[in-house]
Amino acid sequence: MSELAPLRVARPRDVEAAVALRRAENQSRYIAGGTDLIVNMRRGIRRPKLLIDLTGVEELGDVSVTQRGVRIGAAVTLAQLAAEPDVSTRYRAAAEAAEAIAGPGHRSVATVGGNLCLDTRCIYYNQSEWWRRANHYCLKHAGTVCHVAPQGKRCHAAYSGDLAPALMVLGAEIEIAGPDGHRRIPLADLYADNGRAHLKLMPGELLLCVHLPAAAPPSTYAKVRLRGAIDFPLAGVAVSLAMADGTVAALRVGLTGTNPRPFLLAETESFVGRPLDADALARLDKLVQKQVQPMRTTLASANYRRLAAAALARRLAARLAGI
Amino acid sequence: MAMQPLVLDKQLVRLKLNGRWREDAVADNQLLIDYLRDVARLTGTKAGCDGGECGACTVLVDSDPVLSCLTLAVRCADRSVETIEGLATHGRVSALQREFHEKLGTQCGYCTPGMIMAAEALLRRNPDPSEGEIRTALSGNLCRCTGYVKIIDSVQAAAGAVR
């Protein structure tokens, strides 16, 4: 780790000023908690000339409850989110994900927006400058070869944010501010299946807030990691399940840590109208194993992460179904 | 790597450090840990992993535990920063410091300032924590000597002493 290169810090008071600053300086980055960005800066991966500190922008910093649901500002901290009574009761997966991220010293400053926009990770990328240089860098940054899959031309770095799958199973939408005004999209549409460029944000765009619908089914989140704290997930799974008359009314499974983007499991509508019995759980297990694509981007093996993701999905679904 | 031109962008930062207001010209790229150790000369705060993974550099900012190796010093303007040096009053160690000593919560001592500050943040919020709550509050702090048992004993004893 090294000192940060010279830079300037600006602290705008509103979203318009933040977006204008970002547009005016090409080599600038938004910063809130900084627990992901500053690590990468100290490793020489990012070298912004201007940091735009969002913690002074009031409208990004609170959680508000309306009849149509809940609005969570992008600069709400993970500690704040986990402690929010409306979130921990009605949107359990989101609170469970938030309170299991990193450690208390991270959660006190790290934000919802920062976790959603977390950079993808890989053992060949999250290393010091000299380490990466000694390996001729990698496809994700400054190099030409992906050391995980040298034959291919894709970056396989894995997305490891915990909040995204939890918010996705709750039906989250996000609001984005940009040079041309605001847009609102489903959270899943923020992500592209590309470890090098996994965020579909235009230059200068800023994530403003997350909207959760008023009616959300029971949900839960869990992950597997090397240690019980600090570490990023090797696989993380969120499940939301609505039951009616003993059969599935709606089932959503969100996955993280295994692919370059967080995603909702496809084909879960095939469970609707049937009981969630042992057969269904075995089918869910297979479905997860088929759709996750862990690569050798962590010290744990890819196959272990595939099996862990499937086991978590099965376990969480069973728990929500009360079996 | 090309040399970057040296740009000295400094701001006058006023902050409360261990209860006393002070003002310093701080470069925008200075990290809080370097400000504390090199400018304020408070070397009790330790740099461990230097990348937000070990908790050794934990300090309090407005009573929240924060990793000083990932915090820009300029972002602490107008806020209250507390380090291990701020815990003793009139030459007397705090209950946490005393119990870390009495219960052998310290071995090599390198993680101790971070451990104590993380525990301090917990006890201010929750003066009577369960063992599980202590474990959660210290989950971001690594210790390679003690095996954690005596650290948890120390925090429990300190909570009892304050109560």
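All heavy atoms count here, side chains included; hydrogens, waters and symmetry mates do not. Every chain is numbered from 1, with letters handed out A, B, ... down the list of sequences.
- For B:Ser139, the parts lying under 4.5 angstrom from a heavy atom of chain A are both the backbone and the side chain.
- Between the B:Arg124 side chain and the B:Ser63 main chain, no donor and acceptor come within less than 3.5 Å of each other.
- The pair B:Asp28-B:Lys10 does not meet the salt-bridge criterion, since no charged nitrogen lies less than 4.0 angstrom from a carboxylate oxygen.
- For the pair B:Cys69/B:Asp50, a side-chain contact is recorded, criterion being any heavy-atom separation below 4.5 Å from C-beta on.
- The pair A:Glu96-A:Arg92 counts as a salt bridge, with a side-chain nitrogen and a carboxylate oxygen less than 4.0 angstrom apart.
- Looking at B:Leu31, only its side chain comes within 4.5 Å of chain A, counting heavy atoms on both sides.
- Looking at B:Leu142, the atoms closer than 4.5 Å to chain A (heavy atoms on both sides) all sit in the side chain, from C-beta outward.
- Contacts between residues 101-109 of chain A and chain B, counted as heavy-atom pairs separated by less than 4.5 Å, involve A:Gly103, A:Pro104, A:Gly105, A:His106, A:Arg107, A:Ser108, A:Val109.
- Against chain B, no residue from residues 110-126 of chain A qualifies, as none has a non-hydrogen atom under 4.5 angstrom away.
- Between the side chains of A:Ser64 and A:Asp62, no donor N or O sits under 3.5 Å from an acceptor N or O.
- Among the candidates B:Gly140, B:Gly114, B:Gly55, the residue making the largest number of heavy-atom pairs closer than 4.5 Å to chain A is B:Gly140.
- Qualifying salt bridge (Lys or Arg N to Asp or Glu O under 4.0 Å) partners for B:Arg135, counting only residues two or more places apart in sequence or in other chains: B:Glu131.
- Counting heavy atoms from C-beta outward, A:Leu51 and A:Met41 have side chains that approach closer than 4.5 Å.
- Screening residues 12-22 of chain A for side chain to side chain donor-acceptor pair (under 3.5 Å), with sequence neighbours left out, gives A:Arg22-A:Ser28.
- Two residues are said to be in side-chain contact when any heavy atoms from C-beta on lie closer than 4.5 Å; B:Thr43 and B:Leu36 fail this criterion.
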